[in-house]
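One structure is given below, encoded as structure tokens.
What's counted below: heavy atoms across the whole structure, side chains too, no hydrogens, waters or symmetry copies.
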Amino acid sequence: MARRDLTGAVDFSVLEAATAGMDDISEEILGLFVQQAGIWSPMLTTAESGWRDAAHTLRGAAGGIGAGDLAAACAEAEEADEAVSEGALLRVRDALDRALADVAAYRHELMLKGLKG
């Protein structure tokens, strides 16, 4: 998996602008995003009482790396009525999966770039 595998779920120009193109900082931020996803994603179900908090936290993390679709899905879920909240959370989980795939491809590219010196 490398940059050629990016789907567009994450606009990495947002991250690159925030880090002034410093690959080590980008890698650190993406690593934190992956950690946050691992912590909060199990709560993205209405069976968990803190699901709105999970969506809110992921929304902020997504915005920071340029995952606009994920941030939008999280915002929708945060505001969703109980009757439609599980569907909204499904959209969050799908958007998170797409963002994580792009993050993996981008991190792989950063690793390869680091090997080249």
Side-chain angles (χ1 to χ4, degrees):
M1 185 173 271
R3 190 177 290 227
R4 67 182 175 274
D5 298 313
L6 295 178
T7 67
V10 179
D11 176 1
F12 289 102
S13 69
V14 172
L15 176 67
E16 291 164 355
T19 64
M22 297 178 67
D23 291 345
D24 56 336
I25 303 297
S26 294
E27 169 58 32
E28 184 175 349
I29 290 170
L30 293 173
L32 291 170
F33 175 79
V34 170
Q35 287 178 345
Q36 288 289 308
I39 291 167
W40 294 100
S41 63
M43 295 180 69
L44 295 173
T45 175
T46 56
E48 293 289 334
S49 62
W51 66 266
R52 287 185 198 274
D53 293 332
H56 179 77
T57 301
L58 286 173
R59 176 181 166 190
I65 66 164
D69 289 346
L70 175 56
C74 288
E76 176 190 336
E78 281 185 84
E79 300 299 323
D81 293 358
E82 293 296 322
V84 296
S85 57
E86 193 59 49
L89 288 171
L90 176 61
R91 288 186 289 282
V92 170
R93 292 190 301 268
D94 288 345
L96 179 59
D97 287 346
R98 288 190 300 276
L100 286 170
D102 270 16
V103 165
Y106 190 88
R107 290 178 83 191
H108 181 79
E109 187 73 19
L110 288 177
M111 188 259 325
L112 291 175
K113 188 175 171 184
L115 291 175
K116 293 177 185 174

Considering only distance and modelled atom types, tabulate donor-acceptor pairs under 3.5 Å from the side chains of residues 55-63, sequence neighbours left out.
from: His56; atom 1: ND1; to: Glu78; atom 2: OE1; distance (Å): 2.9
from: Thr57; atom 1: OG1; to: Asp53; atom 2: O; distance (Å): 3.0
from: Arg59; atom 1: NH1; to: Glu78; atom 2: OE2; distance (Å): 2.9

So does Ala88 get a backbone contact from the side chain of Glu76, meaning a donor-acceptor N/O pair under 3.5 Å? no
Can any side-chain N or O of Asp102 pair as donor or acceptor with the backbone N or O of Thr7 at less than 3.5 Å? yes
Single-linkage hydrophobic cluster, 4.5 Å side-chain cutoff, Met43 and Ile39 together: yes
Are Tyr106 and Val10 side-chain neighbours, meaning at least one heavy-atom pair lies under 4.5 Å? no
Has Glu79 got more than 12 heavy atoms of other residues, nucleotides or ligands less than 6.0 Å from its CD? no
Heavy atoms only: give me the nearest Ala37-Pro42 pair and the separation to one decimal. O-CD, 4.4 Å
Grouping I, L, V, M, F, W and Y whenever their side-chain heavy atoms are under 4.5 Å apart, do Val84 and Leu89 come out in a common cluster? no
Hey, mind stepping through Trp51 and Val92 against side-chain contact (heavy atoms from CB on, under 4.5 Å) and telling me if it holds? CA-CA 11 Å; Trp51 66 266; Val92 170; over 6 Å; no
Same cluster for Val34 and Trp40 if Ile/Leu/Val/Met/Phe/Trp/Tyr side chains link at under 4.5 Å? yes
When the side chains of residues 21-29 are checked against the rest of the protein, which donor-acceptor pairs come out under 3.5 Å, sequence neighbours left out?
from: Asp23; atom 1: OD2; to: Lys113; atom 2: NZ; distance (Å): 2.9
from: Ser26; atom 1: OG; to: Thr19; atom 2: OG1; distance (Å): 3.0
from: Ser26; atom 1: OG; to: Met22; atom 2: O; distance (Å): 3.3
from: Glu27; atom 1: OE1; to: Arg107; atom 2: NE; distance (Å): 3.2
from: Glu27; atom 1: OE2; to: Arg107; atom 2: NE; distance (Å): 3.0
from: Glu27; atom 1: OE2; to: Arg107; atom 2: NH2; distance (Å): 2.5

Nearest 0.5 Å, what's the CG-CZ distance between Leu70 and Arg91? 13.0 Å
Hydrophobic cluster identity match, Val14 and Leu96, side-chain contacts under 4.5 Å: no
In Å and rounded to the nearest 0.5 Å, what is the CG to CG distance from Asp69 to Asp94? 11.5 Å
Straight-line distance of Arg93 CZ to Leu44 CG, nearest 0.5 Å: 6.5 Å
Rounded distance (nearest 0.5 Å) linking atom CG of Leu115 with atom CG of Leu110: 11.0 Å
